[in-house]
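These notes are about the structure you will find just below.
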Amino acid sequence: MLIRFLFYGFLGWSLEVLYTGTAALIKGDWRLEGFTYLWMFLIYGMGAFLEKVHDRIRPTPWLVRGAVWLAVIWTIEYSAGWGLKTLLGSCPWDYGNSAYSVNGFIRLDMAIEWFSTGLLFERIHDWLDGIMVNVRSKQLRD
């Protein structure tokens with residue numbers, strides 16, 4: 001579980017830096033400045049604990065699974081933002097008072113990104129499971 005926690009944490013960090021760097025490019029910033037927060041490692045690392053959710057919703061259509069992931073991710077993002085604001089006095093990713101922001105903790109206009117990320121993490125979960133099966137098979141043969 002620790003290995004998966006670390007893997008999801010690093011993967012989340014990487015995707016976030018790639019996403020924010022690409023957003024900078026779209027805005028015309030050729031420095032491609034991407035960023036994230038150290039707190040995000042812990043939050044993305046929790047993806048390891050969501051594998052059980054994936055196992056349960058696996059038989060449902062992808063549209064339903066994506067909607068489940070969207071709800072789960074928004075719940076985690078909102079809760080983490082609220083918790084960090086309570087603990088630290090501010091939320092590192094404060095989205096402000098835009099029309100699509102919910103208390104500065106989540107952005108409704110990010111629905112497609114989070115929907116897709118949930119489905120991507122399903123593939124990664126299956127890939128990690130495949131690696132573990134191969135490792136166990138090799139151990140049994142040796």
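Basis for what follows: all heavy atoms, side chains included, without hydrogens, waters or symmetry-related copies.
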Name the orientation class of the two ring planes belonging to [X] and [Y] (parallel below 30°, tilted from 30 to 60°, perpendicular beyond 60°).
X: W114; Y: Y44; answer: tilted
X: F10; Y: F41; answer: perpendicular
X: W93; Y: Y37; answer: tilted

[X] with [Y], same ILVMFWY side-chain cluster at under 4.5 Å:
X: I124; Y: I3; answer: no
X: L120; Y: W13; answer: no
X: V17; Y: L38; answer: no
X: L18; Y: I112; answer: no
X: L88; Y: Y95; answer: yes

Is a side-chain donor or acceptor of S101 paired with a backbone partner of N97 at a separation under 3.5 angstrom?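 No.
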Do the side chains of D29 and R31 get close enough for a salt bridge, i.e. N-O under 4.0 angstrom?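 Yes, D29 and R31 are salt-bridged.
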Salt bridge check, K52 against D55: does any charged N sit closer than 4.0 Å to a carboxylate O?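 Here D55 does not pair with K52 in a salt bridge, since their nearest N and O are not under 4.0 Å apart.
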Do the side chains of [Y] and [X] get nearer than 4.5 Å, heavy atoms only?
X: W82; Y: N103; answer: no
X: T20; Y: T36; answer: no
X: H54; Y: W69; answer: yes
X: M46; Y: L42; answer: no

Nearest 0.5 Å, please: how far is [atom2] in [Y] from [atom1] in [X]?
X: L63; Y: F115; atom1: CG; atom2: CZ; result: 5.0 Å
X: L128; Y: F7; atom1: CG; atom2: CZ; result: 5.0 Å
X: R4; Y: L50; atom1: CZ; atom2: CG; result: 12.5 Å

Looking only at heavy atoms, what is the nearest atom pair of [X] and [Y], with distance?
X: D126; Y: R58; answer: OD1-NH1, 2.9 Å
X: W74; Y: I106; answer: O-CG2, 3.6 Å
X: L119; Y: G66; answer: CD2-N, 3.9 Å
X: Y19; Y: E113; answer: OH-OE2, 2.9 Å
X: R65; Y: I57; answer: CD-O, 3.2 Å
X: M1; Y: A48; answer: SD-CB, 3.7 Å

Trace of the ring-ring contact (aromatic ring centres under 6.0 Å, His included) decision for Y8 with F121: CA-CA 9 Å; Y8 283 114; F121 272 57; 5.4 Å; yes
Cut-off 3.5 Å, side chains only: do W62 and E122 have a donor facing an acceptor?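 E122 and W62 do not have a side-chain donor-acceptor pair below 3.5 Å.
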